[in-house]
Each structure stands twice: as structure tokens, then as C-alpha cells.
Amino acid sequence: MQANPIPGNGGDTYVPYDQRTGEESTVFFTRDLSAEGLNKVFAHVADRVSGKIAVKVHTGEKDGPNIIPREWVADLFAKQLPDATIVETNTAYEGDRFTTAQHLETVAHNGWTFAPVDILDAEANAFLPVEGGKWFDCMSVGANLLNYDSLVALTHFKGHVAGGFGGSNKNIGIGCADGRLGKIWIHTRTGSTDRWGIKEEEFMERIVESTKSVVDHFGDKVVYVNVMRNMSVSCDCEGLKAQPVVTPNVGILASTDLLAIDQACVDLVYAMRDEDNHDLVERMETRHGLRQLTYMKELHMGNDRYQLIDTDNDDVVITPAQGVEHVVPFEG
């Protein structure tokens, strides 16, 4: 943690693939938006998780229209994660997920009844170190997170009102921070009375540092799955108030590299036609959300170069520099 940290810049600027440097990671991809597709792509990373497994998924506000379909996740649990637990944390704002009792009622209302659900901050918080952070030297997370051996970040990739986009990074960084302290640290400057005053690059960097505390804790026993479906510019925390979906569906991605999977999703959005990606790209850039990616790279949290493995076509390797637009049959 630095004494007088200064946010980076460039969060409103997309970096093309041919301008990136470094090693390449592997990201698996399927166009099959179904329970079968989710199982297929997860199978490529499943051997990395074992023991007591936590699955961090956004279970949504009541009747939220865009969350990952429960029946897909139920099928994944039945076939590949039979002893896993869905994990969440309470919100920092008052609503249907503010207290543990409210949160569990909302979870049940939304149909997440096929597996155990653990509200990680139901009883207490715990502190995880942030190595190399400039905003935090530790992050406050739900204490129950420390009861698990492995983590699956099962993420609905979409826009976000403050973060520009919400991928695996946001799902972990905000989603594992506890509701009474960690989330407040991320959103509020010390000594400020503006509860939601952190924006743009500083906000992205704070989320990334929170995420880093969690992924460093789990080491190589964490995997990431991003579902690119029903991608409103709004987060699932907006529930029925979310903006209409105008961005075409894409598919499901999985990786053991956090930066690579979020970068791949962003690249797939940018590869769309202007009329298809305009709203989501505008949301990313106006909120300076792309700083999530560059800051993850600065903190050595993965690679922004990758090979996309098309699991629908005999695992053919697609290098994004060749054009990811050739991989996805965009709608519209």
C-alpha cells in the first residue's frame, strides 16, 4: 500500500491484440449456450479444483432476468461438482441481499435450491493480504471463504454501471469482499462522506487488488468460467431495473488465467459490428473499465495474450491476432 497512491490511466482506451506483449495463456470456448455447453467447457479446467469447492456465482436480485440459468448450474453441479457449495456475500447497500436472512430468502426465491448456499460474511469477516497493492495492504472478505480449498468463479459477463464491465475479476473482487467493510473500502475513499465516491481508474484498481487477495489465497486451485449471454450494460445487481439487452449472445469461456478470460471476453465484444457492440463498448469506455485489464497485467495476475481453443471444432486453436470475429457467429 502506497502512502499517496495515484491511479493509472488509459481505462477508456482499448489495446488491440497486436499491441500486447508477453506470454500466451489458454482460453477454452464454446458457442453452445446450454447446460451441455457449460459442462463441456468446464471439463477442460475441472482438474484444477479439488477438496472443498466454493462456486462464486451472482445469484441475482429477485427475479433478475439476465443471470446464468439455474438449471444450467444445477446440471453442472450434478455432473461435475456434486459436493460444491454456492458462495455469496451480503451487499453494502440496503435491499433484498443486505442481511443474511434477506439474502438467503432471495437466493431461494430465485431457485438456487439445488446445492448448499454459504453467505460468506454471515458471521464474520477475515483479512487477506494484498501483495504489491497501492490502495490496500489487505482486503476484508467473508470469513467463511477460508473454509474452502478451491474456488470456481462462475461469472455472467455483462456491463456494469460503475465498473464498465463485470467479468471474473469483478465477480471475485466485489463478490468475495464482505458487505460491511470490504465493499466499503473498495467504494469509498478514507475520510470521505461519499459512500460511492470511487470511480474510473481508481475504482478498477481497487477491485483488482481485492481480487488479487483472493486468487493469491487459492493459488493454482481457482478456475474461471465466463458466460457471454444476456449482456445488458447493467449488472445483475440491478435486477428488474437492468437496461434492455441489445448486445448479441456469444458463448461460454473457461480458463485457469483470470486476465486472459476477461480479456478474451472484451476482445469478443470489440470484434462485433459497431451496431451490435455500441452500447457495451460505450459503457466500458465511459466508465474507464478497461483499466481492470491493464492493472491485472501490471500486478502479474495473468496474460492478456492467449490462444482461444474452439471446443466446437475439434479444439482448433484460434490466435486472436488472426481475428476473433471469425470464431463467433454474431447475431443481428
Side-chain angles (χ1 to χ4, degrees), residues 26 28 30 32-60 67-90 97 100-101 103-126 128 141-157 167-169 171-179 211 213-227 229 236 252-258 261 311:
T26 299
F28 299 95
T30 178
D32 185 359
L33 283 159
S34 70
E36 292 75 18
L38 179 58
N39 270 285
K40 177 172 64 175
V41 79
F42 178 74
H44 286 276
V45 297
D47 62 351
R48 289 286 290 268
V49 293
S50 60
K52 190 173 181 181
I53 300 172
V55 179
K56 176 61 189 74
V57 60
H58 198 313
T59 53
I67 58 177
I68 300 172
R70 274 79 66 193
E71 59 271 21
W72 296 9
V73 185
D75 193 66
L76 179 68
F77 270 63
K79 293 176 178 174
Q80 300 193 65
L81 295 167
D83 299 317
T85 300
I86 294 170
V87 300
E88 280 274 37
T89 54
N90 293 320
R97 297 184 297 134
T100 298
H103 203 158
L104 288 173
E105 196 278 325
T106 300
V107 166
H109 176 89
N110 281 345
W112 301 95
T113 56
F114 52 83
V117 176
D118 185 358
I119 306 301
L120 298 174
D121 54 345
E123 301 294 336
N125 63 319
L128 295 178
V141 301
N144 291 355
L145 186 68
L146 277 59
N147 296 333
Y148 295 90
D149 303 305
S150 302
L151 178 67
V152 176
L154 178 54
T155 303
H156 174 215
F157 186 90
S168 286
N169 175 55
N171 186 20
I172 297 172
I174 298 291
C176 291
D178 73 289
T211 299
S213 75
V214 175
V215 299
D216 283 354
H217 171 75
F218 284 102
D220 62 0
K221 302 191 75 122
V222 54
V223 298
Y224 314 94
V225 180
N226 285 1
V227 179
R229 167 191 176 274
D236 293 329
I252 308 174
L253 298 85
S255 184
T256 59
D257 186 311
L258 168 62
I261 193 170
T311 63

> State the CZ-CG distance between Arg229 and Leu33, to the nearest 0.5 angstrom.
7.5 Å

> Check the pair Lys56, Asn171 against side-chain hydrogen bond (donor to acceptor under 3.5 Å, both in side chains), reporting the backbone distance first and the verdict last.
CA-CA 7 Å; Lys56 176 61 189 74; Asn171 186 20; 3.0 Å; yes

> Give a yes or no answer on whether the side chain of Thr89 reaches the backbone of Gly142 with a donor-acceptor pair at less than 3.5 Å.
no

> Quickly, which of Ile86, Asp83, Thr85 forms a side-chain contact (heavy atoms from CB on, under 4.5 Å) with Pro116? Name it, please.
Thr85

> Can Val214 and Leu151 be said to form a side-chain contact (heavy atoms from CB on, under 4.5 Å), step by step?
CA-CA 9 Å; Val214 175; Leu151 178 67; 3.8 Å; yes

> Within the 4.5 Å heavy-atom criterion, are Val73 and Trp112 side-chain neighbours or not?
yes

> Main chain of Asn125, side chain of Asp178: is a donor-acceptor contact present, judged purely on distance under 3.5 Å?
no

> With a 4.5 Å heavy-atom cut-off, do Leu38 and Leu154 have their side chains touching?
yes

> Without hydrogens or angle criteria, can the side chains of Ser255 and Asp257 be said to hold a donor-acceptor pair below 3.5 Å?
no

> Fit a plane to each ring of Phe77 and Phe114, take the angle between them on a 0 to 90° scale, and name the class: parallel (under 30°), tilted (30 to 60°) or perpendicular (over 60°).
perpendicular

> For the residue pair Gly37 and Ile252, what are the closest heavy atoms and their distance?
C-CD1, 4.0 Å

> Rounded to the nearest 0.5 Å, how far apart are SG of Cys176 and CZ of Phe218?
7.0 Å

> Return the minimal non-hydrogen interatomic distance between Ala115 and Ala84, and the atom names on each side.
CB-O, 4.4 Å

> Hey, are the side chains of Phe28 and Val45 touching, using non-hydrogen atoms and a 4.5 Å cut-off?
yes

> Do Asn39 and Asp75 get their side chains close enough for a donor-acceptor pair, meaning under 3.5 Å?
yes

> Is the shortest heavy-atom distance from the side chain of Thr256 to the side chain of Tyr224 under 4.5 Å?
no

> For side-chain contact (heavy atoms from CB on, under 4.5 Å), just list the numbers for Glu105 and His109, CA-CA rounded to whole Å, side-chain angles, deciding distance to a tenth of an Å, and then say yes or no.
CA-CA 6 Å; Glu105 196 278 325; His109 176 89; 4.3 Å; yes

> Without swapping roles, check the side chain of Ser150 against the backbone of Val49 for a donor-acceptor pair under 3.5 Å.
no

> Do Asp236 and His58 have side-chain N/O donor and acceptor atoms under 3.5 Å apart?
no

> Test Tyr148 against Val87 for side-chain contact (heavy atoms from CB on, under 4.5 Å), laying out the working first.
CA-CA 10 Å; Tyr148 295 90; Val87 300; 4.0 Å; yes

> So, using ring-ring contact (aromatic ring centres under 6.0 Å, His included) as the criterion, who are the partners of His217 when residues are at least two apart?
none

> Calculate, to the nearest 0.5 Å, the distance between atoms CG and CD belonging to Leu76 and Glu36 respectively.
11.5 Å

> Is the shortest side-chain heavy-atom distance between Leu81 and Ile53 below 4.5 Å?
yes

> Measure from the side-chain N and O atoms of Thr211 to the backbone N and O of Asn169, and report whether any donor-acceptor pair falls under 3.5 Å.
yes

> Check whether any side-chain heavy atom of Thr155 sits under 4.5 Å from a side-chain heavy atom of Val227, and report yes or no.
no

> Can you check whether Ile119 reaches Leu104 side chain to side chain, under 4.5 Å on heavy atoms?
yes

> Name all residues meeting the salt bridge (Lys or Arg N to Asp or Glu O under 4.0 Å) criterion together with Glu71; count only those two or more places apart in sequence or in a different chain, and write none if there are none.
none

> Classify the side-chain pair Asn226/Ser168 by whether it contains a donor and acceptor separated by less than 3.5 Å.
yes

> Working note: Leu128 + Leu146, criterion side-chain contact (heavy atoms from CB on, under 4.5 Å); need CA distance, chi angles, decisive distance, verdict.
CA-CA 9 Å; Leu128 295 178; Leu146 277 59; 4.1 Å; yes

> Do Val222 and Arg48 have side chains that get closer than 4.5 Å, going by heavy atoms?
no

> Minimum heavy-atom separation for Asn90 to His103, with atom names?
OD1-ND1, 3.0 Å

> Under a plain distance cut-off of 3.5 Å, with no hydrogens placed, do Thr59 and Asn110 share a side-chain donor-acceptor pair?
no

> List the residues meeting side-chain contact (heavy atoms from CB on, under 4.5 Å) with Asp149, not counting sequence neighbours, and say none if there are none.
Lys52

